[in-house]
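Here the structure comes first, spelled out in structure tokens, and everything after it is commentary.
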Number of protein chains: 2
Amino acid sequence: MSNSKLYKGSLNTIILQLLNQHDKMYGYEITQKVKALTKGELNITEGALYPALHKLEAEGLLDVEVAKVDNRLRKYYKLTETGTKETVNKLEELAEYIRTMQALVNPKLA
Amino acid sequence: MSNSKLYKGSLNTIILQLLNQHDKMYGYEITQKVKALTKGELNITEGALYPALHKLEAEGLLDVEVAKVDNRLRKYYKLTETGTKETVNKLEELAEYIRTMQALVNPKLA
DNA sequence: AATTTATACATAATTAACTTATGCATAATC
DNA sequence: GATTATGCATAAGTTAATTATGTATAAATT
């Protein structure tokens, strides 16, 4: 995912927010979108992504729709209602994390 | 550590930066300082902290000095030269992480 | 034409950073 | 006298990742 361990725990947030912005996406598309948006900084590995998608689906945060394009399989994921709510929570947690870490690292600004 | 999984991977950064700011600290002091700086948001558990300190010491990033205060044991940790350099790296990684996540979450600002 | 790269999914074994639970010991507070 | 605070430690379990495979089709390169 990255040479930095800080991304550990961020994958669900990333997936949910991308689906929040793009309505429906398939796995491979997510990896490419992340790579593009981060200018190569962050590469989501398939071994992390697919299990994460399956889990989010099992938890009822995502719905799946299978499609066949150019004779190749695609699984489009989109947020459920619950998923949309959870996305809000995740984004709040990210903002809180950033505030907290900045308070720790730069306590003069606190 | 927190209800948010995002803190996973951040503990070393926190420890190193606190020691960067306070010269020498002991374990319990670190837990209290983190609690204070984050207004209770983040509580470092002992089960996470002590193994982390031992590992950083084993890696040569920290030096230890044992002291006895009020008949109680304290282990003061301080950064080695290598530890100081690694702190710079960790802080850069944190800044990079924050930039990257903001690019993902708020791509309009990118 | 043959090989490599890109697209697209998946899982299994391993690693690592935590959590949770427990343990020991002294000092201070209620 | 019992609880809370101070101060260290480790062991078992969880979980999110990495690393390594595996399958299959389409496109690009040599």
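Keep in mind that what you see is a predicted model, and the values were worked out from it rather than measured. Reckoned from all heavy atoms, side chains included, excluding hydrogens, waters and symmetry mates. First the proteins, then the strands, lettered A, B, ... as listed; each starts at 1.
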Spacing of B:K75 atom NZ relative to C:dA25 atom C1', expressed in whole Å: 14 Å
message: Side-chain N or O of A:N71 versus OP1/OP2 of D:dA24: is the shortest distance under 4.0 Å?
response: no
message: From CE of B:M1 over to P of C:dA21, roughly how many Å is that when rounded to an integer?
response: 18 Å
statement: Of C:dT19, D:dG7, C:dC9, the nucleotide closest to the side chain of B:E46 is D:dG7
- request: Would you tell me if any nitrogen or oxygen in the side chain of A:H54 comes within less than 4.0 Å of OP1 or OP2 on C:dT11?
  value: yes
task: Starting from the 5' end of DNA chain C, give me the residue, A:R74 or A:K8, whose nearest nucleotide shows up first.
output: A:R74
field: Selected nucleotide, minimal atom distance to A:R72 side chain, candidates C:dT7, D:dC8, C:dT26
entry: C:dT7
message: Heavy-atom nearest nucleotide on DNA chain C for B:P51 versus A:Y28: which residue maps closer to 5'?
response: A:Y28
Residue pair B:E96 / A:Y7: nearest heavy atoms and the distance that separates them: O-OH, 3.9 Å
- prompt: In this structure, which one of A:N89, A:L62, A:L91 forms a side chain to side chain contact (heavy atoms under 4.5 Å, CB included) with A:L16?
  reply: A:L62
task: Measure from the side chain of A:K5, starting at C-beta and using heavy atoms only, and say which of D:dG7, C:dA17, C:dT11 lies closest.
output: C:dA17
message: Using the side-chain heavy atoms of A:T45, tell me which of these nucleotides is nearest: D:dA26, D:dT18, C:dC18.
response: D:dT18
- request: Determine the sole option in A:L11, A:N43, A:L18, A:I15 for which the side chain to side chain contact (heavy atoms under 4.5 Å, CB included) test with A:V34 is passed.
  value: A:L18
